[in-house]
Amino acid sequence: MAEQKRDYYEVLGVDRNASEAEIKRAYRKLAKENHPDLHPGDKACEARFKEANEAYEVLSNAEKKAKYDQFGFAGVDPNYGAGAGGYGGGFTGDFDFGDLGDIFGSFFGGGFGGGQARRNGPVRGETIRTSVSISFEEAAFGCEKEVVINRTESCSECGGTGCAKGTTAETCSNCRGTGTVQQRRQTPMGVFATTTTCPKCGGTGKIIHQPCPKCHGTGAERRQRTIKASIPAGIDNGQTISLRGQGNAGKNGGIAGDLHITVTVRPHEIFRREGNSVLCEAPITFVQAALGTEMEIPTIDGKVKYTIPEGTQSGTVFRLKGKGIPNLNGRGRGDQFVTVFVETPRNLTAEQREALKKFGETMGENNYGERKGFFRKFKK
């Protein structure tokens, strides 16, 4: 099936008569809204960001825009539609979209300038993925962690050329440095071409006569690196941060890939997290619940004093404003919610039991509103 793409003008939300400034403004707005750094782990935002980049790359270039306006995706992407035979799947076999200049030149008396597609152009490096474990407090307030990774880098001996010191690679005479060779044939429908990897250089476009002894001509080597990563305040368990350019080295002068670090937050003995809220439970005695008390409540900032009002029932939830998790965008914080429960005493002495019995005898039903209401409903 051919790749399904949205119209580039539709992606950026502009019409076909939009000016350069309008196109640029629309792209910046989309890029800012969907940038992966602002939405770690959000695949939908990442896809929209890439889609906007692709659209802007074409529409901001006068030559590419003209080709796109005339021929659509096939005018700017030589491989578009190749999987389904191109236009409607009518062509098969050795049809090659790698040379649109010859094909459209036959059909329309013009073209794109011909030329062979280069297979040895810059290639972006691969993304590396790893993980790091942090504490509850580190997730709340942010921290700096070191991660150890193994990645591909340019060879330290040859600088990525693949050649032994004092030597250089020779441009492949068979493909003239493009890495590909073509065979063309004339048909009633125009010039058709098949493009294949150059058998002499293996697609690199160059011949290395004296390979580097360290990397054996590959131009790359594996190295272990310790990378420092800044974990932002407010990050949650399972979220991922991206470090640009810290992945595997690119090929043929391409930029390095990224390093994606997935964060695992270790459970806390007291606190739980729901969004930006911190939850915890605090036991109080019957006397404290009945008479009220001032007690120390643990928070991620340290202990704070809080007044428990008299007559507090077990299960009551109190809110500590601004004592929760900082927002990931750096603005404001959540709250902490403390659920108190009354702990029933155990292992009473005879004297304590007698005192409680006397206390119970002095209590009337009016002192137990919930109990009184329950039994009234039960009788009904």
Side-chain angles (χ1 to χ4, degrees), residues 39-41 133-143 145 231-239 263-349 351-353 355-380:
H39 306 278
S133 175
I134 62 177
S135 69
F136 192 93
E137 290 84 357
E138 287 174 328
F141 298 115
C143 61
K145 288 289 182 180
I231 310 297
I235 198 164
D236 206 350
N237 184 59
Q239 290 185 322
V263 176
T264 299
V265 181
R266 297 189 295 272
H268 197 277
E269 291 182 345
I270 297 176
F271 304 123
R272 290 187 297 111
R273 176 176 177 174
E274 285 187 6
N276 282 357
S277 298
V278 173
L279 312 180
C280 75
E281 295 180 342
I284 59 176
T285 68
F286 169 76
V287 175
Q288 289 174 321
L291 302 180
T293 185
E294 184 178 76
M295 62 183 297
E296 288 187 333
I297 302 292
T299 73
I300 57 177
D301 296 305
K303 295 179 181 179
V304 297
K305 289 185 177 181
Y306 191 84
T307 300
I308 305 296
E310 68 175 64
T312 294
Q313 302 299 308
S314 188
T316 300
V317 179
F318 296 101
R319 176 187 180 189
L320 303 181
K321 189 172 178 60
K323 293 299 182 181
I325 304 294
N327 294 323
L328 195 57
N329 61 15
R331 302 176 190 169
R333 291 178 61 171
D335 301 325
Q336 179 171 329
F337 295 90
V338 183
T339 303
V340 297
F341 63 93
V342 179
E343 185 176 11
T344 303
R346 301 181 180 89
N347 304 320
L348 297 176
T349 65
E351 184 180 355
Q352 290 168 336
R353 291 172 65 88
L356 274 179
K357 285 180 181 180
K358 289 180 180 180
F359 171 76
E361 291 171 357
T362 64
M363 296 294 291
E365 287 295 321
N366 290 331
N367 294 97
Y368 296 102
E370 294 293 333
R371 182 175 183 274
K372 184 178 179 180
F374 172 79
F375 283 104
R376 186 187 303 117
K377 295 174 184 177
F378 179 72
K379 287 178 181 179
K380 290 180 181 180

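Hydrogens, waters and symmetry mates play no part in the numbers below; they use all other heavy atoms, side chains included.
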* To do: Establish, yes or no, whether a centroid distance under 6.0 Å links the rings of Phe337 and Phe318.
  => no
* Asked: Below 4.5 Å, heavy atoms only, C-beta onward: do Ile300 and Phe136 meet side chain to side chain?
  -> yes
* Asked: With no hydrogens and no angle check, is any side-chain donor or acceptor of Glu138 less than 3.5 Å from a backbone partner on Ser135?
  -> yes
* Structure fact -> Residues Leu328 and Gly234: closest non-hydrogen pair is CD1-C, 3.7 Å
* **Whether Ser314 side chain and Val342 backbone form a donor-acceptor pair below 3.5 Å** => yes
* **Nearest non-hydrogen partners of Cys280 and Ile270, listed with the distance** => CB-O, 3.8 Å
* Just how far is it from atom SG of Cys143 to atom CD1 of Ile235, taken to the nearest 0.5 Å? -> 9.0 Å
* Structure fact -> dist Thr316:OG1 -> Ile284:CD1 (nearest 0.5 Å) comes out at 7.5 Å
* To do: Please test Val304 against Leu320 for side-chain contact (heavy atoms from CB on, under 4.5 Å), starting from the C-alpha separation and ending with a verdict.
  => CA-CA 9 Å; Val304 297; Leu320 303 181; 4.1 Å; yes
* Applying the side-chain contact (heavy atoms from CB on, under 4.5 Å) test to Arg273, which of Asp236, Leu279, Val278, Asn237 qualifies? -> Asp236
* Arg353 CZ to Lys358 NZ distance, which is reported to the nearest 0.5 Å -> 14.5 Å
* **Check against side-chain contact (heavy atoms from CB on, under 4.5 Å), Ile297 and Gln336** => CA-CA 10 Å; Ile297 302 292; Gln336 179 171 329; 4.0 Å; yes
* Contact check, side chains of Ser277 and Ile325, non-hydrogen atoms, under 4.5 Å -> no
* Does anything in residues 309-321 pair up under salt bridge (charged side-chain N to carboxylate O under 4.0 Å, His left out), and if so which pairs, sequence neighbours excluded? -> Arg319-Asp335
* At what distance, to the nearest 0.5 angstrom, does CD of Gln288 lie from CD of Glu343? -> 10.0 Å
* Asked: Considering residues, nucleotides and ligands other than Glu294, do more than 12 of their heavy atoms fall under 6.0 Å from its CD?
  -> yes
* **From OH (Tyr306) to CE (Met295), nearest 0.5 Å** => 11.0 Å
* To do: Locate the shortest heavy-atom distance separating Thr339 from Gly315; write the atom from each residue and the value.
  => CG2-O, 3.9 Å
* To do: Please check if the side chain of Gln313 supplies one atom and the backbone of Gly311 the other of a donor-acceptor pair under 3.5 Å.
  => yes
* To do: Considering non-hydrogen atoms only, spot the tightest contact between Ala233 and Ala140 and give its length.
  => CB-O, 3.4 Å
* Test Arg333 against every option in Asn276, Asp301, Asn327 by the side chain to side chain donor-acceptor pair (under 3.5 Å) rule and name the one that passes. => Asp301
